[in-house]
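Naming: A, B, ... by sequence-line order, numbering from 1 per chain. Keep in mind that what you see is a predicted model, and the values were worked out from it rather than measured.
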Amino acid sequence: MDATPDLSSFAPLVYAIVKQIPSGTVATYGQIASMIPPIDDDMDAGAYARLAPRWVGDVLNGISSIDEPSIPWHRVINSRGGISLPNESRAAALQRARLRHEGVEFDAHEQVNLNTYGWDGPPDEFLAHWGFMKPKSIKRPPPQGPQQMSLF
DNA sequence: CGTTTGACTACGC
DNA sequence: CGCGTAGCCAAAC
């Protein structure tokens with residue numbers, strides 16, 4: 001059997017998830033990758049966790065070239081909340097324009113506040129249907145009492 | 001068929 | 001808190 005460990009079996013899963021990202025929100029490569037369980041059983045879970053985000057990028061690179069309209073590839077950004085495409089890239093400008101058009105704002109550093117625009121992930125039904133795992137929420141729960149004032 | 005690069009991320013300074 | 005580096009694998013050259 002051709003156990004081709006290429007991305008052909010990985011790509012459809014990425015497509016399915018990216019399609020679920022609502023307009024006006026963004027998801028990170030790592031977040032999407034964390035939802036997809038390791039396909040290769042022999043692969044170490046830790047290794048997979050480090051590799052999968054890059055595979056997501058590779059997959060999206062394929063559809064951004066043809067600009068597949070059914071897949072909102074522009075809503076996927078890196079963990080820093082920035083666009084990973086080369087700044088001078090035509091696709092980067094397109095991605096940024098589309099996000100802004102959807103209401104996503106960029107700060108002075110040209111980065112998106114994931115706390116505000118970060119995606120919570122698809123519904124549980126969707127996850128169960130595909131056998132996906134619930135992603136680690138990219139929204140960082142604000143510490144309840146970060147600036148706990150020292151009474152004395 | 002060896003080398004290089006990459007839409008990544010975590011970690012260190 | 002921003003910038004540089006290491007790691008890891010697949011695809012492109």
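Distance A:Trp55 CH2 to C:dC8 P: 14 Å, rounded to the nearest Å. Between A:Leu85 atom CG and B:dT5 atom C1' the separation is 15 Å, expressed in whole Å. In this structure, CG of A:Asn61 is placed 10 Å from P of B:dG6, rounded to the nearest angstrom.
Ion pairing of A:Arg75 with A:Glu102 is present here, as a side-chain N (NZ or NE/NH1/NH2) and a carboxylate O approach within less than 4.0 Å.
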Filtered N/O pairs between nucleotides 3-6 of chain C and protein, under 3.5 Å:
none

Using a cut-off of under 3.5 Å, enumerate the N/O to N/O pairs linking the protein to nucleotides 9-13 of chain B.
from	atom 1	to	atom 2	distance (Å)
B:dT9	OP1	A:Gly30	N	3.1
B:dT9	OP2	A:Ser79	N	3.0
B:dT9	OP2	A:Ser79	OG	3.4

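Minimum heavy-atom separation, A:Thr25 to A:Ile21: OG1-CG2, 3.6 Å. What you find for A:Pro122 and A:Leu127 is that their closest heavy atoms are CG-CD2, 3.5 Å. Between A:Gln20 and A:Ala16, the closest heavy-atom pair is CG-O, 3.3 Å.
If you check every strand for non-hydrogen atoms under 4.0 Å, A:Val56 touches nothing. At the heavy-atom level, A:Ser64 lies under 4.0 Å from base atoms of the strands shown.
Between A:Trp130 and A:Phe126, the two ring planes are tilted [angle within 30° to 60°]. Below 30°, between 30° and 60°, or above 60°: for A:Trp55 and A:Phe10 the angle between ring planes is above 60°, a perpendicular geometry.
Closest to the side chain of A:Arg54, from the set B:dC8, C:dG2, B:dA7, is B:dC8.
With values rounded to the nearest 0.5 angstrom, A:Ser23 atom OG is found 9.0 Å from A:His101 atom NE2.
When atom types are taken as modelled, the side chain of A:Gln31 and the backbone of A:Trp119 share a donor-acceptor pair closer than 3.5 angstrom.
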